[in-house]
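See structure below.
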Amino acid sequence: VLGAATSVLLLCSFLRPRAPRPALAKACVQDAPRAAALPAGDDALRYRAVRPRFSFADVVGMCDTKTRLVEAGRAIAQRRTQGQAPRNGVLLSGKPGNGKTFLAEALAGELQLPFLSISYGDLASSYINNTTEHVTQVFRDAARQAPCVLLIDEVDSLLMERNTRSSYEESAKTANAMLTELVNIR
């Protein structure tokens with residue numbers, strides 16, 4: 001059950017098979033916040049991962065939570081390399097301000113992976129079908145930057161009930177696109 005301030009944390013190391021690369025490309029990891037929009041072209045990324053500012057050394061206490069998150073992150077990455085079906089990710093739920101985004105970024109730092117964080121505000125558009133297109137673009141960009149940790153913050157704002165009928169069907173399309181992308185991660 002999704003409630004207020006629910007976040008989905010995904011380790012996108014398995015989005016698609018890639019040729020080995022020497023190191024994280026500088027174009028995929030930057031120290032500044034991601035650019036909102038880039039010039040059009042094959043190499044343009046709308047959503048860019050950033051180098052995590054934190055690791056679990058910066059998180060005080062919560063040893064059990066940190067251990068479970070690291071184990072889950074490593075298990076997700078290892079299952080794919082072992083030919084097993086990977087799990088989709090981790091659902092973080094809690095009241096606003098309890099540290100879900102901080103924990104996700106610290107996990108990325110602990111795993112030494114780029115961090116891509118998006119929220120409803122990054123995806124929402126007043127134009128028809130743009131919100132749905134932004135959802136699929138996030139997953140395409142994450143796949144191009146894999147391995148990375150993808151945090152979809154405020155996912156409950158995107159995944160509204162699909163059986164609610166209105167004259168404006170964008171929320172149902174967006175929910176379907178999000179669920180399809182989450183399944184396709186496997």
Side-chain angles (χ1 to χ4, degrees), residues 1-34 45 47-120 122 135 138-156 158-159 178-179 181-186:
V1 174
L2 297 177
T6 303
S7 301
V8 175
L9 177 65
L10 304 165
L11 179 63
C12 298
S13 64
F14 48 85
L15 282 169
R16 69 174 186 190
R18 310 184 65 138
R21 57 184 176 179
L24 295 173
K26 288 185 181 179
C28 294
V29 180
Q30 56 188 13
D31 292 318
R34 69 182 176 281
L45 294 171
Y47 302 97
R48 288 189 181 265
V50 297
R51 187 177 317 281
R53 299 169 294 169
F54 312 107
S55 72
F56 282 153
D58 300 307
V59 179
V60 178
M62 302 189 337
C63 291
D64 183 51
T65 302
K66 293 188 287 188
T67 300
R68 291 174 62 197
L69 280 173
V70 168
E71 288 173 358
R74 289 186 180 143
I76 290 168
Q78 289 172 355
R79 289 178 69 117
R80 182 61 166 186
T81 60
Q82 296 170 353
Q84 298 173 343
R87 53 191 267 189
N88 280 7
V90 177
L91 182 67
L92 302 175
S93 180
K95 294 180 180 179
N98 75 352
K100 296 177 295 292
T101 304
F102 178 64
L103 275 175
E105 187 170 357
L107 175 63
E110 194 69 23
L111 297 174
Q112 298 180 349
L113 294 173
F115 180 61
L116 177 55
S117 175
I118 56 121
S119 66
Y120 180 75
D122 297 321
V135 166
V138 164
F139 284 89
R140 279 194 301 258
D141 288 353
R144 291 176 60 198
Q145 299 173 87
C148 69
V149 172
L150 170 62
L151 174 71
I152 305 171
D153 207 0
E154 303 167 5
V155 73
D156 46 333
L158 290 165
L159 298 177
M178 175 68 75
L179 294 172
E181 294 295 339
L182 288 172
V183 169
N184 288 342
I185 269 183
R186 291 179 176 216

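Heavy atoms only: backbone and side chains are in, while hydrogens, waters and symmetry mates are out.
- With sequence neighbours excluded, the residues that form a salt bridge (charged side-chain N to carboxylate O under 4.0 Å, His left out) with E105 are R53.
- Atom CG of residue L151 and atom OG of residue S117 lie 4.5 Å apart, to the nearest 0.5 angstrom.
- Counting only distance, with no hydrogens or angles, the side chain of K100 and the backbone of G94 share a donor-acceptor pair below 3.5 Å.
- Remark: side-chain polar atoms of K66 are not paired, donor with acceptor, to backbone N or O of V60 under 3.5 angstrom.
- Of all the heavy atoms in E110 and V70, the pair that sits closest is CG-CG2, 3.8 Å.
- For the atom pair OG1 (T101) and CZ (F54), the distance works out to 10.5 Å, reported to the nearest 0.5 Å.
- Under the rule for a side-chain hydrogen bond (donor to acceptor under 3.5 Å, both in side chains), D58 has no partner lying at least two apart in sequence or in another chain.
- Shown here are the ring pair (Phe, Tyr, Trp, His ring centres under 6.0 Å) partners of Y120, two or more places apart in sequence or in another chain: there are none.
- Here CG of L150 is found 9.0 Å from CG of L182. Values are rounded to the nearest 0.5 Å.
- Closest non-hydrogen pair, F115 versus P52, comes out as CB-CG, 4.2 Å.
- F56 pairs by the ring pair (Phe, Tyr, Trp, His ring centres under 6.0 Å) definition with nothing, not counting sequence neighbours.
- Of all the heavy atoms in V90 and A72, the pair that sits closest is CG2-CB, 4.1 Å.
- Partners of T65 by side-chain contact (heavy atoms from CB on, under 4.5 Å), not counting sequence neighbours, listed by chain and number: M62, L69, L103.
- Taking every heavy atom of both residues into account, D122 and I118 meet most closely at OD2-CA, 3.2 Å.
- Between L92 atom CG and I152 atom CD1 the span is 11.5 Å, to the nearest 0.5 Å.
- Taking CD of Q145 as the start and CZ of R140 as the end, the distance is 13.0 Å to the nearest 0.5 Å.
- When all heavy atoms of P114 and A108 are compared, the closest pair comes out as O-CB, 4.3 Å.
- The two residues C148 and L113 come nearest to each other via the heavy atoms CA-CB, 4.3 Å.
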